[in-house]
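Computed from a predicted model, the values in this text were never measured in an experiment.
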Amino acid sequence: MSNDRAATALPLTACRECDLLQHEIALPPHAEALCLRCGAQLYRQTLHGPDTTLAFTLASVLLFLLANFFPLVRLELQGNQTSSTLFGAVTTLASQDLLSVALLVFGTTILVPAIEMAAMLYLLLPRRLGVTVPGRARTFRLIEWLRPWGMIEVFMLGVLVSVVKMATFASVVPGVALWSFGALMLTLAAAAHFFNPRDLWQGLPLHE
């Protein structure tokens with residue numbers, strides 16, 4: 001009888017794959033709970049929780065600023081040198097009647113990553129400082145909605161291919177922004193890996 005009461009006091013969670021409703025249990029660090037019926041992952045327990053995600057997000061913000069304020073590459077051809085920042089490349093595309101491409105590059109490599117990192121900081125920093133801020137549930141849903149539109153990896157691959165092709169007829173010197181973009185790709189991937197939605201949902205009140 002006492003065991004039944006203890007089980008009913010545990011919170012419930014539903015499997016995303018088969019909808020089976022199950023009681024949650026406490027997990028050791030790095031462990032994961034699996035569905036009893038289909039074996040899908042129900043939730044996992046990270047070692048440092050949101051603090052690890054916050055550290056990678058802050059590193060991403062710093063790298064993002066470096067990637068946007070310094071030149072991507074410097075070209076040297078017949079004694080002439082030219083370089084451009086990412087935003088400079090966007091304005092150049094727009095001035096060459098490639099407005100749709102310019103908007104796509106601006107949206108996927110500047111606007112969406114900036115909003116995503118700002119939203120992550122809005123959720124993680126107040127939680128770390130013990131401060132309550134409004135709209136946390138909506139901010140979390142915004143991050144989930146924006147995440148597929150961030151395409152820094154695709155942009156980085158395109159830049160590397162272009163650099164290799166340009167190296168055949170000009171001297172190409174990678175700039176600070178190119179290295180920062182490479183590191184930014186890794187820190188954003190790490191932040192997404194350690195981001196555990198369960199930690200945030202557990203901190204939200206029922207009415208939000």
Nearest 0.5 Å please: distance from the [atom1] atom of [X] over to the [atom2] atom of [Y].
X	Y	atom1	atom2	result
Leu125	Tyr122	CG	OH	12.0 Å
Leu146	Ile115	CG	CD1	6.0 Å
Leu123	Arg128	CG	CZ	15.5 Å
Thr57	Leu188	OG1	CG	8.0 Å
Leu99	Leu103	CG	CG	4.5 Å
Phe195	Phe140	CZ	CZ	5.0 Å

Search all heavy atoms of [X] against all heavy atoms of [Y] and return the closest pair with its distance.
X	Y	answer
Ala102	Leu93	CB-CB, 3.8 Å
Thr53	Phe194	OG1-O, 3.0 Å
Thr187	Leu184	OG1-O, 3.1 Å
Gly88	Thr91	O-OG1, 2.7 Å
Met117	Val61	SD-N, 3.7 Å
Asn68	Phe64	ND2-O, 2.8 Å

ask   = Can you list the steps and then say if Gln22 with Leu12 is a side-chain contact (heavy atoms from CB on, under 4.5 Å)?
value = CA-CA 5 Å; Gln22 298 156 83; Leu12 293 170; over 6 Å; no
Find out if a path of hydrophobic residues (ILVMFWY) with successive side-chain heavy-atom gaps under 4.5 Å connects [X] to [Y].
X	Y	answer
Val101	Ile110	yes
Leu104	Leu86	no
Leu42	Leu20	no
Phe87	Leu62	no
Leu72	Trp179	no

From CA spacing to verdict: side-chain contact (heavy atoms from CB on, under 4.5 Å), Leu124, Leu58 = CA-CA 10 Å; Leu124 296 171; Leu58 290 173; over 6 Å; no
query = Going by heavy atoms in the side chains, are Ile25 and Tyr43 under 4.5 Å from each other?
reply = yes
ask   = Would a 4.5 Å heavy-atom cut-off, applied to side chains only, mark Thr85 and Phe69 as touching?
value = no
ask   = Where do Thr109 and Val90 land on the side-chain contact (heavy atoms from CB on, under 4.5 Å) test, with the steps shown first?
value = CA-CA 10 Å; Thr109 61; Val90 171; 5.6 Å; no
Considering only distance and modelled atom types, tabulate donor-acceptor pairs under 3.5 Å from the side chains of residues 34-41, sequence neighbours left out.
residue: Arg37; atom: NH2; partner: Cys18; partner atom: O; Å: 2.8
residue: Gln41; atom: NE2; partner: Glu32; partner atom: OE1; Å: 2.5

